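None of these values were measured; they are calculated from a predicted model.
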Amino acid sequence: MKVIISKDAADYLRRERAHIAEHDPRAAEGVMRQIQAAIRTLGAYPNAGVAALPLAGRRRFVVAPYVIDYSITEHAVHIVVVRHGRQNDTSMEIDGDDDFEAGGE
């Protein structure tokens, strides 16, 4: 299946590669190969990830320490977000006081 990478995900990967390469160019290449292999896996097996709640239709594939959020259409896998697992999940809403209660109470 065709894989389409969003501009945000592609930009993140370029920044991450550059950041890692500042310290260890070989490690940067290894990380990128690992993520590219994961993206190829999603093209071959789109349901390999798990449903990413609370976003309907979104799936998540973990390539430690990275997280790939994606959706599947009839003809393509759409990579929406790639991020390091320690970074905030920008797809989830967090209330201002950081206590994470339901309904913002």
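By the 4.5 Å heavy-atom criterion applied to side chains, L42 and I68 are counted as neighbours.
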Worked check of side chain to side chain contact (heavy atoms under 4.5 Å, CB included) between R58 and V80
CA-CA 9 Å; R58 182 80 56 95; V80 181; 3.7 Å; yes
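Of all the heavy atoms in M1 and E74, the pair that sits closest is CE-O, 3.7 Å. Counting all heavy atoms, side chain and backbone alike, A48 lies closest to F61 at CB-CE1, 3.7 Å. The two residues I4 and A76 have their closest heavy-atom pair at CD1-CB, 3.8 Å. The shortest heavy-atom contact between G57 and S71 is O-CB, 3.5 Å.
Residues Y70 and H78 place their aromatic rings such that the two centres sit no closer than 6.0 Å.
Listed by chain and number, the residues in a ring-ring contact (aromatic ring centres under 6.0 Å, His included) with H19 are H23 (sequence neighbours excluded). Residues forming a ring-ring contact (aromatic ring centres under 6.0 Å, His included) with Y12 (at least two apart in sequence, or on another chain): none.
With values rounded to the nearest 0.5 angstrom, D11 atom CG is found 13.0 Å from E16 atom CD.
Each of V67, I5, L13 was compared with V82 under the side chain to side chain contact (heavy atoms under 4.5 Å, CB included) criterion, and only L13 meets it.
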Name the atoms and distances for all side-chain donor-acceptor pairs under 3.5 Å in residues 29-39, with sequence neighbours left out.
{"residue": "E29", "atom": "OE1", "partner": "R17", "partner atom": "NH2", "Å": "2.8"}
{"residue": "E29", "atom": "OE2", "partner": "R17", "partner atom": "NE", "Å": "3.2"}
{"residue": "E29", "atom": "OE2", "partner": "R17", "partner atom": "NH2", "Å": "2.5"}
{"residue": "Q34", "atom": "NE2", "partner": "A64", "partner atom": "O", "Å": "3.1"}

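Of the possible donor and acceptor atoms, one in the side chain of R59 sits under 3.5 Å from a partner among the backbone N and O of N47.
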